[in-house]
Number of protein chains: 2
Amino acid sequence: MKKDEKKIYPLPSIRRLPLYLNYLRKIHEENISGTVIAEALDILPIQVRKDLAITNVTGKPKVGFNVKELKKAIEHCLGWNNLNDAFLIGAGHFGQALLGYKKFRDHGLNIVAVFDKDEDKVGTDIFGYKIFPVEKLNNLIQRMKVKIGIITTPGSTAQELADTMIEAGVLGIWNFTPATLNVPENIVVENVRLVSSLSVLTSKLKQQI
Amino acid sequence: MKKDEKKIYPLPSIRRLPLYLNYLRKIHEENISGTVIAEALDILPIQVRKDLAITNVTGKPKVGFNVKELKKAIEHCLGWNNLNDAFLIGAGHFGQALLGYKKFRDHGLNIVAVFDKDEDKVGTDIFGYKIFPVEKLNNLIQRMKVKIGIITTPGSTAQELADTMIEAGVLGIWNFTPATLNVPENIVVENVRLVSSLSVLTSKLKQQI
């Protein structure tokens with residue numbers, strides 16, 4: 001069963017769905033054709049059809065997709081139809097940047113509390129978020145039934161934090177640290193590896209120069 | 001010629017090279033075996049051998065790799081043997097987070113100046129970086145021969161900034177905006193799409209819950 005579900009959610013398509021959603025949220029038409037979407041986003045029409053097929057919404061000949069229906073279906077695919085409550089751990093530069101980016105709410109993410117181990121930061125406010133000590137992480141995850149943890153600490157503390165959060169009930173971790181996390185099979189980890197991204201840029205550039 | 005070079009630099013391996021380099025920088029041994037590296041980083045030994053093969057450094061039987069030689073070769077592959085000067089455009093939350101992350105210098109990236117179009121920010125200092133008006137971008141890129149531009153502005157201004165930078169001589173763009181940039185074939189663009197990453201996390205999570 002799970003394998004089937006995964007089959008209809010290919011990751012490259014999932015990664016592109018926010019692009020479509022962003023576009024659909026901006027237009028005012030009631031219906032739109034795949035070709036128009038393809039042109040606007042500079043994606044091949046056949047790719048657009050394939051990507052949107054995972055939403056199970058089918059366009060009508062000569063009319064295209066119903067915009068409202070398609071938006072809803074994309075949000076459903078992405079799990080953005082309900083806001084996902086999340087805790088953020090690490091109120092450093094990157095943590096603060098994520099807190100400052102208010103638009104995550106449009107993308108289904110609702111950061112509800114921030115944690116740090118630095119006693120000087122605990123109790124202070126950042127962008128309206130009060131900072132809690134990491135010792136309260138386990139208790140608050142259980143009480144608030146939070147399922148997503150965002151780790152923006154140094155890599156050295158990431159595994160321990162992940163263990164704590166998973167034990168308390170977190171099912172998904174957005175990992176901004178360079179650490180490779182060891183987690184049980186049912187836990188979803190999505191890594192944002194800036195240094196890997198930078199290495200692709202500089203190594204390609206080296207070949208150009 | 002270029003095709004051959006690209007063949008020996010497969011991107012998944014390139015993305016992992018910083019992991020190896022980070023590990024090698026921390027250890028004090030003179031030589032190390034691929035098996036030990038594999039175990040420490042929780043990567044399959046066969047994968048380690050394949051990844052490190054692109055450096056053209058070969059380990060000796062029973063001795064392993066010379067650590068110093070391997071570090072140098074990885075840095076060379078990544079273009080990190082020389083610091084890459086870069087301009088950062090957009091002194092918002094994300095821009096500031098990148099400026100605050102001093103370790104980019106260990107990864108070959110040297111941010112030399114920061115630009116913003118906000119007149120209130122221009123002339124002020126962030127982490128010791130003076131902020132210049134975007135109008136000076138073209139001139140300073142040419143004068144300082146900067147080859148990398150990092151864009152952390154809103155997506156709506158990204159294409160125009162990319163055009164300006166490329167015209168002035170920039171060859172690589174690290175794009176943190178959601179915009180899809182249209183650039184000439186010889187220009188390298190590496191996108192960091194946080195929203196795409198988030199969509200992978202939430203859609204997988206939806207399948208777990």
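No hydrogens, no waters, no symmetry mates; every other heavy atom, side chains included, goes into these values. Letters A, B, ... are given to chains in the order of the sequence lines, protein chains preceding strands, and every chain is numbered from 1.
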What part of [X] gets closer than 4.5 Å to chain B, counting heavy atoms only: side chain, backbone, both or neither?
X	answer
A:I148	side chain
A:I173	backbone
A:N186	both

Nearest-0.5 Å distance that lies between atom [atom1] in [X] and atom [atom2] in [Y]:
X	Y	atom1	atom2	answer
A:R193	B:R16	CZ	CZ	11.0 Å
A:L98	B:F94	CG	CZ	4.5 Å
A:S199	B:E190	OG	CD	8.0 Å

Exercise: identify the closest heavy-atom pair between [X] and [Y]:
X	Y	result
A:H76	B:K206	O-CE, 2.8 Å
B:Y101	A:H93	N-CD2, 4.4 Å
B:K147	A:L205	O-CD2, 4.3 Å
A:R15	B:S196	O-OG, 2.8 Å

Identify the residue among A:L201, A:T202, A:V200 that makes a side chain to side chain contact (heavy atoms under 4.5 Å, CB included) with B:W174.
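Among A:L201, A:T202, A:V200, the one that satisfies the side chain to side chain contact (heavy atoms under 4.5 Å, CB included) with B:W174 is A:L201.
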- For chain A, which of B:N191, B:T180, B:L109, B:D106 has the most heavy-atom pairs under 4.5 Å?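 Among the listed options, the one with the most contacts to chain A is B:L109.
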- Item | Options B:G95, B:G108, B:P178, B:C77, ranked by heavy-atom pairs under 4.5 Å with chain A, top entry |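 The answer is B:C77.
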A:I14 versus B:K204: any side-chain heavy-atom pair under 4.5 Å?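 No, their side chains stay 4.5 Å or more apart.
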Inset, instruction - Identify which part of B:I43 has an atom lying under 4.5 Å from any heavy atom of chain A, answering side chain, backbone, both or neither. - result: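 Answer is neither: B:I43 stays 4.5 Å or more from chain A.
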Out of A:L194, A:I150, A:V189, A:N22, which one racks up the most heavy-atom pairs below 4.5 Å with chain B?
->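 The option with the most such pairs is A:L194.
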Heavy-atom neighbours of [X] [atom1] exceed 12 at 6.0 Å:
X	atom1	value
A:K121	NZ	yes
B:K102	NZ	yes
B:K71	NZ	yes
B:Q142	CD	yes

